[in-house]
2 protein chains.
Amino acid sequence: MATELQARPMAREPLSKDRVLRAAVALADGGSIESLSMRKLAHELGVVPMAIYKHMANKDELLDGMVDVVIGEIDPPLTGSDWKSAVRHRILSARRALLRHPWASGVIESRRTPTPVVVEYMDSMLGMFRSGGFSVDLTHHVMHTMGSRVFGFTQELFNDPPDGDPKTQATMVREMAATYPHITELLLAISHDRGSVVGPGCDDQFEFEFALDLLLDGIERLRQQGGVQA
Amino acid sequence: MATELQARPMAREPLSKDRVLRAAVALADGGSIESLSMRKLAHELGVVPMAIYKHMANKDELLDGMVDVVIGEIDPPLTGSDWKSAVRHRILSARRALLRHPWASGVIESRRTPTPVVVEYMDSMLGMFRSGGFSVDLTHHVMHTMGSRVFGFTQELFNDPPDGDPKTQATMVREMAATYPHITELLLAISHDRGSVVGPGCDDQFEFEFALDLLLDGIERLRQQGGVQA
DNA sequence: CCCTGTTGGTGTACGCTGTACACTCCGAGA
DNA sequence: TCTCGGAGTGTACAGCGTACACCAACAGGG
C-alpha cells in the first residue's frame with residue numbers, strides 16, 4: 001500500500017516502561033488499586049501477562065514507577081516568596097495530584113523504600129525549610145510533624161459512610177445518639193450546614209487546609225523563637 | 001482415668017471467635033501482616049482452614065476483630081484533669097498499644113468501615129474535647145487535624161534505611177550529598193547525635209510527642225480564642 | 001549473502017491466596 | 001432411640017505473582 005512500513009495488520013506499538021506505567025496509572029485511576037493486577041494490566045495492553053516482565057522486574061517496581069508518575073505531577077517549589085506560602089502552595093499542589101490519583105496515598109504508604117524521585121521530592125521540601133531560615137534540627141522535626149501532609153494527604157480513616165435510605169434515618173439517628181452521643185451531635189452539626197441528615201461527610205479540602213495552617217502557624221512560631229530545645 | 005471428662009487423647013479445646021482472634025494477633029505480632037493467611041492461622045490453631053469460617057464470616061471480619069483487640073488495649077480516658085493532659089495521656093496510651101502491634105496501623109487504615117468498638121473509641125475521644133470546653137465545630141476540625149494521631153500513629157513513610165556495610169558509607173555519603181544535599185545534611189546531623197553514620201534513624205517517640213504537643217498547643221490557642229471562623 | 005546473538009512477546013506451570021460447597025461426626029433434646 | 005444442628009473436614013475453584021522454556025524478528029559481522 002503506502003510505504004514499506006506498516007505492513008502487518010494492526011501492528012501494536014511496542015511495549016515500553018513508559019507505556020506500561022501510563023496504562024497502570026490509568027487502570028488504577030478508574031477503579032481501585034485492588035483492580036490492578038498484572039494480568040488485567042496485560043490484558044489492557046493487549047499483551048500476555050509475562051510480557052510486562054520484559055520491562056519491569058516485578059510488581060513492586062511497577063508500583064514504585066506509578067508513585068513516581070504521581071510525584072512528577074507536583075509543581076516545583078515556587079521561588080521568590082516566603083517559606084510559608086511556598087510550602088503551602090507546594091503541599092496543596094501535591095494534594096491536587098493525590099486527589100487525581102486516589103490510590104496513590106495508599107501505595108506511597110505501602111512502599112518499603114522510597115524511589116530516587118521520592119527522595120528528591122523530600123530533599124527539595126527540606127530545602128524549602130532550610131532556605132526559609134530553619135535550623136537543620138527544626139527542619140527535621142517539622143518534617144515529622146507534617147507527616148504525610150507533605151504528600152498532600154492525611155489518612156482518611158474510614159472512607160465514606162454508607163448512607164442508607166432517608167426514611168429510616170430518623171430512627172437510626174435516635175438510637176445512634178444513645179450509644180454515640182458525641183458523634184451524633186457532630187454529624188447533626190455537619191448535616192445542618194448541608195442538606196441531608198447523613199450527608200456526604202466533611203469538607204475534606206477545608207479540613208486539610210485547616211490542619212495545614214494550624215501546623216504552619218505553630219511551626220512559624222517555633223522558627224521565630226529560634227528553634228527547639230529538646 | 002480420673003473423671004468422666006477428658007477422655008479422648010489430646011482433645012483440643014474447641015475453637016471460638018476469641019481463640020481465633022488471639023491466635024491471629026499473636027501470629028501478626030511475630031512477623032508481618034502479610035504472613036497472616038487463613039491457612040497459616042488455621043495451621044497455628046491445629047485445624048483445617050475452613051474451620052475458621054464457622055466462627056468468622058471472612059478475612060475482613062477477622063481483621064476487624066483484630067483491630068478491636070488492639071483498640072481494647074487503650075486506656076480509658078482519665079477523669080479529673082484538664083482536657084489537654086487527658087487527651088495527651090490517652091493518645092500516648094494508644095501509641096503504646098500500636099507499638100505492641102506494629103501491623104495494626106496499616107490494618108486500621110485499610111478498613112473500609114469502622115467497627116462499633118472503633119466508633120466508640122472515636123466517640124469517647126470527641127467527648128474529651130467537648131467536656132474540655134470545645135465547641136462542636138472546633139471539636140470536629142480538631143479531630144481532623146489530629147488525624148491518625150488519635151490512634152497513636154503517624155504514617156512512617158519508608159520504614160527503615162537498609163544501612164549497608166560501614167566501610168563504603170563514607171563514599172556513599174559523598175555522592176549522596178551531591179544529589180540530595182539537604183537530606184544528607186540532616187542525616188549527618190542525626191548521626192552526629194548518635195553513633196554510626198547511617199544510624200537507626202530518628203527517635204520516633206520524640207518526634208511523635210513533638211508533633212503532638214505542637215498540635216495540642218495550637219489547638220489550645222484556638223480554644224482560648226473561642227473557636228474558629230471559617 | 002548467510003549466520004548468529006539479542007531482544008520482545010508467548011505459553012505453560014507452580015505455589016500461594018481466599019473461600020464456596022458438600023460432607024461427616026458428635027452431643028443434646030424430643 | 002431417633003433426629004437435628006452445629007463444629008470440623010475435604011475437595012475444588014478462580015485469581016494472584018512470577019519462574020522458566022520457547023520462538024519470531026531483527027541487528028551486525030563474516
Side-chain angles (χ1 to χ4, degrees), chain A residues 3-25 27-28 30-67 103 106-107 110-113, chain B residues 3-25 27-28 30-67 103 106-107 110-113:
Chain A
T3 69
E4 77 276 16
L5 288 173
Q6 166 249 26
R8 229 59 45 73
M10 290 310 294
R12 279 195 315 265
E13 62 171 324
L15 243 47
S16 71
K17 195 155 180 165
D18 197 67
R19 207 162 84 86
V20 170
L21 243 38
R22 276 185 289 117
V25 167
L27 208 156
S32 71
I33 192 65
E34 291 99 23
S35 68
L36 174 72
S37 75
M38 298 302 265
R39 289 169 146 94
K40 291 211 194 91
L41 177 57
H43 181 77
E44 207 71 18
L45 289 161
V47 108
V48 94
M50 287 310 295
I52 297 173
Y53 288 83
K54 296 289 170 180
H55 304 268
M56 294 283 184
N58 48 38
K59 191 171 184 183
D60 270 3
E61 191 172 307
L62 176 74
L63 291 173
D64 278 341
M66 293 171 68
V67 169
W103 46 269
V107 175
S110 76
R111 296 300 71 204
R112 177 164 265 87
T113 52
Chain B
T3 69
E4 77 277 14
L5 289 172
Q6 166 250 22
R8 232 56 48 72
M10 289 311 296
R12 278 196 316 266
E13 63 171 324
L15 243 48
S16 71
K17 196 157 180 166
D18 198 65
R19 208 162 85 84
V20 171
L21 277 176
R22 275 184 290 116
V25 168
L27 207 156
S32 71
I33 192 64
E34 291 99 22
S35 68
L36 175 72
S37 74
M38 298 303 265
R39 288 170 148 91
K40 292 212 194 89
L41 177 56
H43 181 77
E44 207 71 19
L45 290 161
V47 107
V48 96
M50 286 312 293
I52 298 173
Y53 287 85
K54 296 290 169 180
H55 304 268
M56 294 284 185
N58 48 39
K59 191 170 184 183
D60 269 2
E61 191 172 307
L62 177 74
L63 292 172
D64 278 342
M66 293 171 68
V67 170
W103 46 268
V107 175
S110 75
R111 297 298 74 204
R112 178 163 263 86
T113 51

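Naming convention: chains lettered A, B, ... in sequence-line order (proteins, then strands); numbering from 1 in each chain.
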E34(A) vs A57(A), nearer the 5' end of DNA chain D by closest nucleotide: E34(A)
Nucleotide dG8(D), atom P - distance to NE2 of H43(B) in whole Å: 17 Å
Rounded interatomic separation in angstrom, taking NZ from K40(A) and C1' from dG15(D): 9 Å
Whole-Å gap separating C1' (dG8(C)) and OH (Y53(A)): 16 Å
Gap between atoms CD1 and P, on I52(A) and dT10(C) respectively (whole Å): 11 Å
Flag side-chain contact, heavy atom, 4.5 Å: V20(B) against M56(B): yes
N or O in side chain of K59(B) less than 4.0 angstrom from dG18(C) OP1/OP2: yes
Side chain of M50(A) - closest among dT10(C), dG18(C), dG17(D): dT10(C)
Among dT19(C), dG17(D), dT10(C), the one nearest M38(B) by side-chain distance: dT19(C)
Whole angstrom value for the distance that separates P of dA7(D) from CZ of R19(B): 14 Å
Short side-chain N/O contact to dG8(D) OP1/OP2 from H55(B), under 4.0 Å: yes
Among dG8(D), dT18(D), dT19(C), the nucleotide that comes nearest once only the side chain of N58(B) is considered: dT19(C)
Test log, rule side chain to side chain contact (heavy atoms under 4.5 Å, CB included), inputs R22(B) and V25(B): CA-CA 5 Å; R22(B) 275 184 290 116; V25(B) 168; 5.9 Å; no
Between P of dG8(C) and NZ of K17(A), the distance in whole Å: 13 Å
Side-chain donor or acceptor of N58(A) paired with backbone N/O of E61(A) under 3.5 Å: yes
Length of the line joining L62(B):CG and dT17(C):P, which is rounded to integer Å: 14 Å
Contact under 4.0 Å: K54(A) side-chain N or O vs dT10(C) OP1/OP2: no
Nucleotide nearest P14(A) when distance is taken to its side chain, options dT18(D), dG9(C), dA12(D): dG9(C)
Nearest-neighbour nucleotide for the R39(A) side chain, dG9(C), dA13(C), dT19(C) considered: dA13(C)
Backbone of V67(B) reached by a side-chain donor or acceptor of D64(B) within 3.5 Å: no
Atom pair distance, as rounded to whole Å: CE in M56(B) and C1' in dG8(D): 16 Å
Closest contact, heavy atoms only, M38(B) versus I52(B): O-CD1, 3.6 Å
